[in-house]
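Let me begin by presenting the structure, written as structure tokens, before commenting on it.
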Amino acid sequence: MHIITSRAELAQLVTQWHKENERIGVVPTMGALHNGHLTLVNALDGKVSRRIVTIFVNPIQFNNAEDFRLYPRGVDKDAALLADTGKVDVLYAPNENEMYPQGFSTRVLVSGLDGMLCGGDRPGHFDGVATIVTKLLLQTGADVAAFGEKDYQQLCIIRRLAADLNLPVEILPVPTVREADGLALSSRNRRLTTEQRTQAATLPAALTACLGALRAHQPAPPALAQCRATLEQAGFTVHYLELRAESDLHLTQAATPGTRLFVAASLGDIRLIDNMPV
Ligand code: PAF
């Protein structure tokens, strides 16, 4: 596995690969890699002939300086993990100046999908995500890009921007990977204390119970209220708990196939998100 930090070097390699008719897959990440990321790498099996994983902790998608500062980092360990897969050709880990040189002033804004859920209380977050993902898709010349369904709103926004900007890339959604107790894998889980890690298991359990009630035709408002109460009793601050359509994320009370339960809830200052299909 080759580690590249320079955009010019990456461009040279991508041009060569395109000449050789290689099909390029990319997995954009912010590092602190876990099994969920490796599942994204594996999801490209049979779809591409070259794989690039990117690591860049993108400052413009953090609306909280402390969250950016505390975001787990460790490129050496990440590089070893990726090399061990034997599947990754390039780890692209540019620095901030490479991605946002002096004078950088463009933002990609996907309107409509960015004002709800995590967009509601993280203003500017999705503009930051859309901007960096557009840059990474262009820089890597990817034919396929894999994104986890855990960040479902992010996935919808990236699909939209790729379609709207006519980017010649397939956006590949990959189901959420979970711990044995159901907690969705996330780099942020590393920051949970032992006690918080135990509490965190309530999140998937409460969502699963809520889905059970919805599937048994209990009306959505009481089922959601019960789920919220369970989470609050377990020590969570609930930011949102909503049933929305997968297609365009509109709010609904009808728990039908094609809808999903979305949650964001914090333990202390650690914000966890999750979603599950009805
Ligand atoms: O999901 C993430 O890790 C990030 O939001 C992404 C897509 C790599 C953009 O920085």
Side-chain angles (χ1 to χ4, degrees), residues 4-5 7 10 25-41 43-44 51-64 67-75 77-79 81-82 88 90-96 98-100 104 106-110 113-114 117-119 121-140 142 144-162 165 167 169-177 184-191 262 264 270-275:
I4 294 181
T5 54
R7 193 162 48 84
L10 181 72
V26 67
V27 177
T29 83
M30 296 205 298
L33 302 181
H34 50 66
N35 255 332
H37 295 110
L38 300 185
T39 305
L40 298 178
V41 171
L44 295 170
R51 277 176 248 219
I52 303 174
V53 173
T54 73
I55 295 183
F56 180 66
V57 185
N58 176 31
I60 68 166
Q61 73 184 75
F62 287 81
N63 46 341
N64 176 331
D67 194 24
F68 177 62
R69 192 180 69 77
L70 292 176
Y71 199 83
R73 291 164 170 89
V75 172
K77 196 165 160 228
D78 288 343
L81 210 61
L82 293 174
V88 178
V90 167
L91 163 58
Y92 177 49
N95 67 23
E96 214 172 303
E98 194 73 9
M99 294 311 263
Y100 300 121
F104 186 91
T106 297
R107 287 288 184 283
V108 177
L109 185 155
V110 181
L113 290 170
D114 66 343
L117 298 172
C118 287
D121 55 1
R122 299 188 68 190
H125 166 66
F126 286 116
D127 302 352
V129 170
T131 303
I132 195 67
V133 169
T134 303
K135 283 172 70 74
L136 290 169
L137 293 177
L138 292 171
Q139 289 178 12
T140 58
V144 185
F147 293 92
E149 287 185 348
K150 174 173 167 289
D151 297 298
Y152 202 85
Q153 185 177 14
Q154 168 174 286
L155 173 65
C156 293
I157 285 173
I158 291 166
R159 261 199 202 122
R160 186 77 258 161
L161 79 82
L165 299 178
L167 301 182
V169 60
E170 177 194 343
I171 303 300
L172 180 68
V174 180
T176 303
V177 182
L185 297 195
S186 163
S187 305
R188 285 198 166 83
N189 294 351
R190 291 189 191 183
R191 292 187 49 221
F262 291 88
I270 305 167
R271 180 183 169 105
L272 302 177
I273 62 169
D274 202 351
N275 68 85

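For ligands, and for the atoms within them, numbers begin at 1 and follow the listed sequence.
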Between the main-chain N or O of A184 and the side-chain N or O of N189, is there a donor-acceptor pair closer than 3.5 Å?
-> yes

Examine the proximity of ligand 1 to T54 and report which part, side chain or backbone, both or neither, has a heavy atom under 4.0 Å away.
-> neither

For T29, the ligand 1 atoms with a heavy-atom partner under 4.0 Å come out as 8 (C)

State the atoms of ligand 1, each with its element, that fall below the 4.0 Å cut-off from a heavy-atom position in I132.
-> 9 (C), 10 (O)

Within-cut-off N or O pair, Q61 and ligand 1, under 3.5 Å | yes

Any N or O of Q154 that comes nearer than 3.5 Å to an N or O of ligand 1?
-> yes

Tell me whether the guanidinium CZ or amine NZ of R51 lies under 6.0 angstrom from the six-membered ring centre of Y92 and within 45° of its axis.
-> no

Qualifying residue, where the test is side chain to side chain contact (heavy atoms under 4.5 Å, CB included) with T140 and the options are V90, V53, T54, V169 | T54

Of L44, V26, V27, which is the lone residue that meets side chain to side chain contact (heavy atoms under 4.5 Å, CB included) with V144?
-> L44

Go through the steps to decide whether I157 and V129 satisfy the test side chain to side chain contact (heavy atoms under 4.5 Å, CB included), and finish with yes or no.
-> CA-CA 9 Å; I157 285 173; V129 170; 5.8 Å; no

